[in-house]
Amino acid sequence: MPTLTRRGFVAAAMAGWAVADGALAADAPVPNSAGTERPRHPAPALACDSHFHIIDARFPPPDTPKPPGMTFDDYRLLQARLGTTRAVPVQPKNHGTDPACLLDALARFGGNGRGIAVLRPDVADAELKRLDAGYVRGLRFSVWNPNDTVAPIATIEPLAKRIADLGWHVQLHMSGDQIRENAALLNRLPCPIVFDHMGRLDPAKGPDDPAFTTIAGLVDKGKAWVKLAGAYLNTKAGPPGYPDATRTAQAFVRLAPERLVWGSDWPHVTEKHKPDDAVLFDLLSEWAGSEAVRDKILVDNPAKLYGFA
């Protein structure tokens, strides 16, 4: 294993590099991730990956695809490589509205995990309380592709009303057009909003997309947060620099650095050719513009949004 700096050693130790079958090497190959090198910019202690998915064939429903190499133990290899500590798994469509896989991961993360579930409006109050006790802190609505949506737009407001008293938020994976078209709905929701993947703005327009103004208005009112994630979902130019996605990310940093969190989006389920997660992690340093802002996005902001101690 390469020699660690003292700071890197502390971050690695806090990330929990050991699993049941022995220590993890930071340069070990990670399923569904290209490359093996660690990031050029070491993660600060308590850095949080605020967006990734765990998919495991051991958990229901039985009739949906469960691709390999996307389990909790696979993700721990990515944590070791990046040096992150805190983790926010987001329930994927593969597990429908059954939270068993999510809750299993949160139990294994212990106090370093918070989760985002997917539910239906008729969920029982007792189930919401059970999920809250299991470290769930929000609900996701991935409606960008209407053909495979689990929780459609019509369910956002009813569920937002159910979770507001719990202090949870709604997490929205919408296109820029959908954000703009549903601006009235978003403004009347009784709980905070977290926008996935930088709002999926038109890459050709970036911050000139009208949806940026909609998001900015909600951020200015203290109602919204933005996930700096999915560079490959916000680009026409592509890797390694993703200049169009970088333009959008830097606009959000200028808008409100205190309202941003970062996510790897591992295991990159939309991508046939998996990206290098160390490159994606290092992009944040370019987006943030300074180490102080980067560390705020990685540590302070997720601690506030997700309630880490």
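Only this structure's heavy atoms are used, side chains among them; waters, hydrogens and symmetry mates stay out. One-based numbering along the sequence shown.
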- line: Heavy atoms of Gly96 and Pro61 approach each other most closely as N-CD, 4.1 Å

query: Which atoms form the tightest heavy-atom contact between Ser142 and Thr149, and what is the distance?
result: O-OG1, 3.3 Å

If only side-chain N and O atoms count, and only distance matters, is there a donor-acceptor pair under 3.5 Å linking [Y] with [X]?
X      : Y     : answer
Asn112 : Thr85 : no
Asp277 : Ser33 : yes
Asp74  : Thr71 : yes

Whether [X] side chain and [Y] backbone form a donor-acceptor pair below 3.5 Å:
X      : Y      : result
Gln171 : Gly138 : no
His169 : Leu139 : no
Gln178 : Ser175 : yes
Arg114 : Gly307 : yes
Thr155 : Pro152 : yes
Asn301 : Leu260 : yes
Lys274 : Pro267 : yes

task: Give a yes or no on whether Val293 and Leu298 share a hydrophobic cluster (residues Ile, Leu, Val, Met, Phe, Trp, Tyr; joining criterion: side-chain heavy atoms under 4.5 Å apart).
output: yes

With a 4.5 Å heavy-atom cut-off, do [X] and [Y] have their side chains touching?
X      : Y      : result
Tyr232 : Thr270 : yes
Tyr242 : Leu280 : yes
Pro99  : Leu131 : yes
Leu233 : Asp265 : yes

Roughly how far apart are [X] [atom1] and [Y] [atom2], rounded to 0.5 Å?
X      : Y      : atom1 : atom2 : value
Asn187 : Asn182 : CG    : CG    : 11.0 Å
Met174 : Phe141 : CE    : CZ    : 9.0 Å
Ile193 : Leu186 : CD1   : CG    : 4.5 Å
Asp209 : Asp202 : CG    : CG    : 6.0 Å

- prompt: Any chance the rings of Tyr135 and Tyr306 have centres within less than 6.0 Å?
  reply: no

message: Centroid separation under 6.0 Å, is that true for the rings of His51 and His197?
response: yes

Trace of the salt bridge (Lys or Arg N to Asp or Glu O under 4.0 Å) decision for Arg120 with Asp122: CA-CA 6 Å; Arg120 296 186 177 92; Asp122 60 356; 5.8 Å; no

Neighbour count >12 (heavy atoms, 6.0 Å) for atom NZ, Lys93: yes

- prompt: What orientation do Tyr75 and Phe52 show, parallel under 30°, tilted 30 to 60°, or perpendicular over 60°?
  reply: parallel

- request: May I ask you to say whether Arg200 pairs ionically with Asp177, meaning some side-chain N is under 4.0 Å from a carboxylate O?
  value: no

query: Any ion pair linking Arg188 and Glu157 (charged N to carboxylate O, less than 4.0 Å)?
result: yes

task: Mind running salt bridge (Lys or Arg N to Asp or Glu O under 4.0 Å) on Glu291 and Arg294 for me, showing each step along the way?
output: CA-CA 5 Å; Glu291 184 173 313; Arg294 186 200 70 147; 5.3 Å; no

